[in-house]
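Position 1 is the first residue of the sequence; numbering continues from there. The structure displayed is predicted, hence computed values, not measured ones.
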Amino acid sequence: MRATGLLLLVAHLIIVGWLMLRPRTVPWVPAPNLQPLASISAELARGPWEAMVNLSGPVLMLAPLGVLLPMSAGRLHVSPVVSLTRTVFAGAMIALAIELLQAGVPGQVPDVDTVLLNTAGVAVAHLAVVPGCRSRLRRRYEHLGGTTPKIPRVELAPQADVLSGSRTYL
């Protein structure tokens with residue numbers, strides 16, 4: 001599960017980086033938005049349908065990180081609050097890094113509200129998926145009894161985790 005999560009995480013970040021950091025040829029570029037909630041309130045003033053259409057893109061852009069970051073860590077026994085905090089912080093830092101890198105890309109305009117919407121998407125995806133999946137996986141692990149599998153004509157399989165104290169997880 002950990003390797004799959006890491007592979008999907010890298011693939012998602014490559015796609016997001018390609019979408020958000022490629023130069024665009026445009027005749028006119030608006031000024032960067034550095035005032036929080038300014039573009040969100042402008043979109044809401046245009047109407048609920050336009051707001052939903054225009055604001056759903058930034059929310060959904062990094063939302064998979066809410067699932068992929070904990071999946072790539074692979075921990076089942078972690079506090080839900082700690083997991084949410086770590087995942088949202090990592091998602092916010094990735095969103096901020098993308099916006100800072102966009103400042104140097106022609107045709108791309110940094111917007112602080114995009115960081116807020118990306119972070120909200122990460123938090124919502126994490127809350128919607130991760131606690132349920134972790135509890136289901138814990139039940140499955142406990143149902144198996146957490147025993148070490150036996151191989152015929154061989155004693156117990158070795159059970160060692162050499163680097164358990166030096167790993168960091170989300």
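Remark: the Ser83 side chain and the Arg75 side chain contain no N/O donor-acceptor pair separated by less than 3.5 Å.
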Practice problem: Show your working on side-chain contact (heavy atoms from CB on, under 4.5 Å) between Met61 and Val16 and close with a plain yes or no. | Solution: CA-CA 7 Å; Met61 181 66 72; Val16 167; 3.9 Å; yes
Practice problem: Might you work through the side-chain contact (heavy atoms from CB on, under 4.5 Å) test for Leu37 and Ile40, ending with a clear yes or no? | Solution: CA-CA 5 Å; Leu37 304 177; Ile40 293 174; 3.9 Å; yes
Practice problem: Walk me through it: do His126 and Val67 pass the test side-chain contact (heavy atoms from CB on, under 4.5 Å)? | Solution: CA-CA 5 Å; His126 182 85; Val67 177; over 6 Å; no
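Ser135 contributes atom OG, which lies 11.5 Å from atom CZ of Arg140 (distance to the nearest 0.5 angstrom). Summarising the geometry, atom CG belonging to Leu13 is positioned 5.0 Å from atom CD1 belonging to Ile94; distances are rounded to the nearest 0.5 Å. In this structure, the separation between CE on Met71 and CG on Leu7 is 9.5 Å, given to the nearest 0.5 Å. For the atom pair CD (Glu50) and CE (Met52), the distance works out to 10.0 Å, reported to the nearest 0.5 Å. Atom CG in Leu84 sits 9.5 Å away from atom OG in Ser79 (nearest 0.5 Å). Of the inter-residue distances, the one linking Arg139 atom CZ with Leu76 atom CG reads 12.0 Å to the nearest 0.5 angstrom.
With a 6.0 Å radius and a threshold of 12 heavy atoms from other residues, nucleotides or ligands, Gln35 has its CD atom at or below the threshold.
Exactly one of Val115, Leu116, Thr114 qualifies for a side chain to side chain contact (heavy atoms under 4.5 Å, CB included) with Asn118. That residue is Thr114.
Taking all atoms of both residues into account, the shortest heavy-atom contact from Ala125 to Ala63 is CB-O, 3.1 Å. Between Gly107 and Val26, the shortest heavy-atom distance links the atoms CA-CG2, 4.1 Å. When all heavy atoms are compared, the tightest approach of Gly74 to Met1 is CA-CE, 4.2 Å. Here the closest non-hydrogen pair linking Ala38 and Asp113 is N-OD2, 3.1 Å. What you find for Thr87 and Leu69 is that their closest heavy atoms are O-CD1, 4.0 Å. The heavy-atom pair separating Gly5 from Ser72 by the smallest distance is C-CB, 3.7 Å.
Val59 and Leu44 fall within a single hydrophobic cluster, where Ile, Leu, Val, Met, Phe, Trp and Tyr are joined by side-chain heavy atoms under 4.5 Å apart, directly or via other members. Leu62 and Leu96 are assigned to two separate hydrophobic clusters, defined by single-linkage of ILVMFWY side chains at heavy-atom distances under 4.5 Å. In the hydrophobic clustering of ILVMFWY residues, with side-chain heavy atoms under 4.5 Å counting as a link, Leu8 and Val129 come out apart.
Inter-residue side-chain proximity for Val109 and Gln102 is flagged as unmet; no heavy-atom pair is nearer than 4.5 Å. Side-chain atoms of Gln108 and Leu21, non-hydrogen and from C-beta on, never get closer than 4.5 Å to each other. Counting heavy atoms from C-beta outward, Pro70 and Arg134 have side chains that approach closer than 4.5 Å. Inter-residue side-chain proximity for Leu68 and His12 is flagged as met; some heavy-atom pair is nearer than 4.5 Å.
Using a cut-off of 4.0 Å between Lys/Arg side-chain N and Asp/Glu carboxylate O, Glu43 and Arg46 are scored as salt-bridged.
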